[in-house]
Trainee: 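Next up is a structure, given as structure tokens.
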Amino acid sequence: MPGFAQRIRALRLKSGRSESELADSLGVTRQAYADLERFDSEVDSVISIHQALNLARLLDTDIAALLGESAEAAPVPIAAVRAALIAQLERSPDSREALEDAIDWDIGPFLEAGAEWSTVYTLEFLRRLATLVDLDWRRLLAGLDRA
């Protein structure tokens with residue numbers, strides 16, 4: 001199975017779009033976009049969730065397919081994960097720091113549920129969050145497409 005970078009490049013070529021066009025649409029430099037097509041880790045760690053969703057839309061696919069994941073996973077809405085975390089933190093307020101240390105992210109914007117939360121975090125955040133709550137991350141991906 002091709003890596004993220006190869007898959008993104010193949011989808012871009014199929015779409016007939018240029019690197020520059022996609023870079024502009026994502027709000028990144030052409031070089032940053034070119035790195036998405038060269039390095040598998042870029043899509044997980046550099047672009048935001050919002051940008052990854054936008055890239056999938058621009059390439060006429062869904063986020064799971066863009067990442068080479070099975071789209072058959074039953075979706076778990078992000079709001080459900082957020083609500084579960086808030087409930088857990090209400091029971092044990094001191095656990096927030098431990099939770100943030102475990103995933104190496106500040107979870108404030110995620111918990112606040114503002115419209116911009118997906119611009120703050122990368123797909124790597126979702127992977128770590130899914131692991132933390134013992135959830136198959138593909139279920140979170142499926143929930144993103146429905147958010």
Side-chain angles (χ1 to χ4, degrees), residues 1-12 19 21-147:
M1 177 179 291
F4 299 153
Q6 287 178 303
R7 192 173 307 100
I8 291 169
R9 178 174 170 75
L11 287 167
R12 178 185 58 79
E19 286 184 357
E21 179 183 357
L22 290 175
D24 290 345
S25 294
L26 296 176
V28 299
T29 65
R30 198 205 61 72
Q31 184 58 51
Y33 179 82
D35 286 348
L36 289 175
E37 291 190 5
R38 286 193 314 205
F39 306 108
D40 286 342
S41 64
E42 296 291 302
V43 75
D44 258 5
S45 61
V46 174
I47 62 173
S48 71
I49 294 166
H50 177 78
Q51 289 169 314
L53 288 167
N54 192 27
L55 179 60
R57 182 186 57 76
L58 290 165
L59 296 176
D60 198 29
T61 192
D62 61 43
I63 190 72
L66 180 75
L67 300 175
E69 298 287 355
S70 167
E72 298 172 13
V76 172
I78 293 296
V81 174
R82 184 180 293 117
L85 281 176
I86 289 170
Q88 176 186 340
L89 293 174
E90 286 174 352
R91 288 188 303 274
S92 178
D94 296 336
S95 65
R96 179 171 175 164
E97 186 176 337
L99 185 147
E100 290 177 334
D101 286 346
I103 62 173
D104 201 24
W105 285 87
D106 171 16
I107 60 169
F110 179 76
L111 295 176
E112 292 164 11
E116 70 284 342
W117 80 269
S118 66
T119 65
V120 174
Y121 300 105
T122 65
L123 292 171
E124 180 60 28
F125 168 79
L126 278 187
R127 284 183 193 272
R128 290 179 186 190
L129 182 64
T131 300
L132 179 74
V133 298
D134 196 28
L135 186 65
D136 182 337
W137 104 287
R138 293 173 296 182
R139 296 184 68 197
L140 286 179
L141 285 178
L144 281 177
D145 279 330
R146 290 163 178 80

Trainee: Are F4 and L123 close enough that some pair of their side-chain heavy atoms sits under 4.5 Å apart?
Mentor: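 They are not in contact (no side-chain heavy atoms under 4.5 Å apart), so the answer is no.
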Trainee: Using side chain to side chain contact (heavy atoms under 4.5 Å, CB included) as the criterion, point out the one residue from L135, I107, L85, L99 that pairs with L129.
Mentor: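 Result: among L135, I107, L85, L99, L85 is the only option passing the side chain to side chain contact (heavy atoms under 4.5 Å, CB included) with L129.
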Trainee: Could you pull out all donor-acceptor pairs under 3.5 Å where a side-chain atom in residues 109-121 meets a protein atom, sequence neighbours excluded?
Mentor:
from, atom 1, to, atom 2, distance (Å)
T119, OG1, E116, O, 2.6
Y121, OH, D106, O, 2.7
Y121, OH, F110, N, 3.1

Trainee: Should V46 and D35 count as side-chain neighbours, where that means a heavy-atom distance under 4.5 Å?
Mentor: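 V46 vs D35: side chains apart.
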Trainee: Not counting sequence neighbours, which residues clear side-chain contact (heavy atoms from CB on, under 4.5 Å) with D136? List them please.
Mentor: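 Partners of D136 by the side-chain contact (heavy atoms from CB on, under 4.5 Å) criterion, ordered by chain and then number, come out as R138, R139.
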Trainee: Does any part of the side chain of R82, heavy atoms only, come nearer than 4.5 Å to the side chain of I86, both counted from C-beta?
Mentor: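 The answer is yes; the side chains approach within 4.5 Å.
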Trainee: What pairs meet the salt bridge (charged side-chain N to carboxylate O under 4.0 Å, His left out) rule with one or both residues in residues 85-95, with sequence neighbours excluded?
Mentor: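 Output for this query is empty, none listed.
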Trainee: Would a 4.5 Å heavy-atom cut-off, applied to side chains only, mark N54 and I47 as touching?
Mentor: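 Side-chain contact under 4.5 Å: no.
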Trainee: Applying side-chain contact (heavy atoms from CB on, under 4.5 Å), can you list everything that pairs with A34, at least two apart in sequence or on another chain?
Mentor: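 Partners of A34 under the side-chain contact (heavy atoms from CB on, under 4.5 Å) test: E19, R30, Q31.
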Trainee: Quick one: list whatever passes side-chain contact (heavy atoms from CB on, under 4.5 Å) with S25, sequence neighbours left out.
Mentor: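 If we apply the side-chain contact (heavy atoms from CB on, under 4.5 Å) test to S25, skipping adjacent residues, the hits are L58.
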Trainee: Taking C-beta and beyond as the side chain, do I103 and F125 meet within less than 4.5 Å on heavy atoms?
Mentor: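 Yes, at least one pair of side-chain atoms sits under 4.5 Å.
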Trainee: Should L140 and I78 count as side-chain neighbours, where that means a heavy-atom distance under 4.5 Å?
Mentor: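 Result yes, sub-4.5 Å side-chain heavy-atom pair found.
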Trainee: State whether the number of non-hydrogen atoms from other residues, nucleotides or ligands found under 6.0 Å of R96 atom CZ is greater than 12.
Mentor: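 Check passes, neighbour count above 12.
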Trainee: Among pairs that include at least one residue of residues 23-63, which meet ring pair (Phe, Tyr, Trp, His ring centres under 6.0 Å), considering only residues two or more places apart or in two chains?
Mentor: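 For residues 23-63: none.
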Trainee: Quick check: closest heavy atoms across L36 and I8, and the distance to 0.1 Å?
Mentor: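 The pair with the smallest heavy-atom distance is O-CD1, 4.0 Å.
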Trainee: Which pair of non-hydrogen atoms, one from S95 and one from L89, has the smallest distance, and what is that distance?
Mentor: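 The answer is OG-CD2, 3.2 Å.
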Trainee: Considering non-hydrogen atoms only, spot the tightest contact between G143 and P75 and give its length.
Mentor: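 Looking at all heavy atoms of both residues, the shortest contact is N-CB, 3.7 Å.
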Trainee: Restricting to non-hydrogen atoms, name the atom on R7 and the atom on L67 that form the minimum distance, rounded to 0.1 Å.
Mentor: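 It is NH1-C, 3.3 Å.
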